[in-house]
Asks: 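Quick one: the structure is below, and I'll ask about it shortly.
A quick note: this is a predicted structure, and the numbers were derived from the prediction, not measured. Along the sequence shown, residues are numbered consecutively beginning with 1. We count ligands from 1, going down the list as the structure has it; atoms in each ligand are counted the same way.
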Amino acid sequence: MALLKILQFPDPKLRLRAKEVKIFDRSLRNTCENMLETMYDAKGIGLAAIQVNILKRIVVMDLSENKNEPMFFVNPEIIKLSDDTKEYGEGCLSVPGIYEKVTRPNSLSAKYFDIDGCEHKLEADGLLSVCLQHEIDHLNGRVFVDHLSRLKQEKINRKLQKERKRLLAEA
Ligand code: GNR
Ligand code: NI
């Protein structure tokens with residue numbers, strides 16, 4: 001197992017579209033394990049492969065209290081989003097220190113493959129719905145700040161720039 005480096009917004013690599021997984025083998029299992037370890041280490045509840053510079057449609061997640069219920073979604077696809085929406089305070093491991101309310105469809109149905117290549121269907125609301133939408137956005141080159149107003153985005157960019165300057169001065 002290995003810890004992977006998490007790309008930081010606004011890295012242009014976070015804007016690419018991840019490619020479908022076609023082969024379900026040991027290497028996929030290995031990638032999933034490393035992603036899970038990286039996610040737990042960073043205290044996140046989800047991680048998309050693109051965030052660790054792997055351009056594949058893979059998502060790992062663990063929404064459990066005791067961090068002992070890992071979930072893997074390969075080639076996840078949203079089938080339907082509800083018309084009703086809900087606001088939820090989101091953060092992202094690729095945008096550290098930024099937390100903002102995002103409005104998204106409240107519930108969804110989706111399909112995905114598990115690690116062994118078996119297809120599953122899923123209905124979700126609550127945190128699973130929020131997190132799946134957040135992660136599938138990543139696979140399509142989107143970041144949660146894209147959902148915010150221009151004004152908020154500019155504020156976030158200024159804050160991140162300031163923070164980077166501070167870190168550079170420190171070094
Ligand atoms: O750790 C995370 N927490 C979180 C909180 C609210 C909505 C979405 C998330 S996902 C995020 C981890 C992450 O960046 N996944 O891409
Ligand atoms: Ni994220």
Asks: Thinking salt bridges, do Lys159 and Glu163 make one under a 4.0 Å N-O criterion?
Replies: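 Salt bridge absent between Lys159 and Glu163.
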Asks: Quick one: do Arg29 and Glu33 make a salt bridge, cutoff under 4.0 Å?
Replies: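 Salt bridge flag = no for Glu33 with Arg29.
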Asks: Which residue and atom name correspond to the protein heavy atom nearest atom 14 (O) of ligand 1, and how close is it?
Replies: Leu93 N, 2.8 Å
Asks: Between the candidates Ser94, Gly44, Gly91, which shows the shortest non-hydrogen contact distance to atom 11 (C) of ligand 1?
Replies: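 Among Ser94, Gly44, Gly91, the closest heavy atom to atom 11 (C) of ligand 1 belongs to Gly91.
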Asks: Could you tell me the residue and atom name of the protein heavy atom closest to atom 12 (C) of ligand 1, and the distance to it rounded to 0.1 Å?
Replies: Gly46 O, 3.1 Å
Asks: Check the angle between the aromatic planes of Tyr112 and Phe73 and answer parallel, tilted or perpendicular using the 30° and 60° thresholds.
Replies: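 The arrangement is perpendicular - the two ring planes meet at more than 60°.
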Asks: About how large, to 10 degrees, is the angle SG of Cys92, then the Ni ion (ligand 2), then NE2 of His134?
Replies: 110°
Asks: Using the rule side-chain hydrogen bond (donor to acceptor under 3.5 Å, both in side chains), only one of Thr85, Asp83, Asp84 pairs with Asn106; which is it?
Replies: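 That would be Asp84.
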Asks: Under 4.0 Å from any heavy atom of Glu135, which atoms of ligand 1 are there?
Replies: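 Matching atoms, with element in brackets: 10 (S), 13 (C), 15 (N), 16 (O).
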Asks: Is the shortest distance from a Lys or Arg side-chain nitrogen in Glu100 or Lys152 to a carboxylate oxygen in the other one below 4.0 Å?
Replies: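 Counted as a salt bridge, because a side-chain N and a carboxylate O are separated by less than 4.0 Å.
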Asks: Between Arg104 and Glu87, does any side-chain N to carboxylate O distance fall below 4.0 Å?
Replies: no
Asks: Heavy-atom contacts with Gln51 under 4.0 Å: which atoms of ligand 1 show up? List them by number with element.
Replies: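 That gives atoms 14 (O), 15 (N), 16 (O) of ligand 1.
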Asks: Using a 3.5 Å cut-off on N or O atoms only, is Val130 in polar contact with ligand 1?
Replies: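 There is no such contact.
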Asks: Provide the closest heavy-atom pair for Ala42 versus Leu93 in the form atom of the first, atom of the second, distance.
Replies: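 Nearest pair, atom of Ala42 first, then Leu93: O-CD2, 3.6 Å.
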Asks: Decide whether the shortest distance between a heavy atom of Gly89 and an atom of ligand 1 is less than 4.0 Å.
Replies: yes
Asks: Could you tell me the residue and atom name of the protein heavy atom closest to atom 7 (C) of ligand 1, and the distance to it rounded to 0.1 Å?
Replies: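 Scanning the protein heavy atoms, the shortest distance from atom 7 (C) of ligand 1 goes to Glu90 CG, 3.5 Å.
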Asks: Taking 4.0 angstrom as the limit and counting only heavy atoms of Cys92, give me the atoms of ligand 1 inside it, by number and element.
Replies: 14 (O)
Asks: Verify, without hydrogens or angle tests, whether Asp62 (side chain) and Ser64 (backbone) share a donor-acceptor contact under 3.5 angstrom.
Replies: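 A pair under 3.5 Å: yes.
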Asks: For the OG atom of Ser94 and the NZ atom of Lys13, what is their distance to the nearest 0.5 Å?
Replies: 12.0 Å
Asks: Measure His138 to ligand 1 on non-hydrogen atoms and call it side chain, backbone, both or neither using the 4.0 Å cut-off.
Replies: side chain
Asks: Taking 4.0 angstrom as the limit and counting only heavy atoms of Ile45, give me the atoms of ligand 1 inside it, by number and element.
Replies: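 Near Ile45, the atoms of ligand 1 are 1 (O), 2 (C), 3 (N), 4 (C), 5 (C).
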Asks: Classify the contact between His134 and ligand 1 as side chain, backbone, both or neither, using a heavy-atom distance cut-off of under 4.0 Å.
Replies: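 Near ligand 1, His134 shows its side chain, while the N, CA, C and O stay back.
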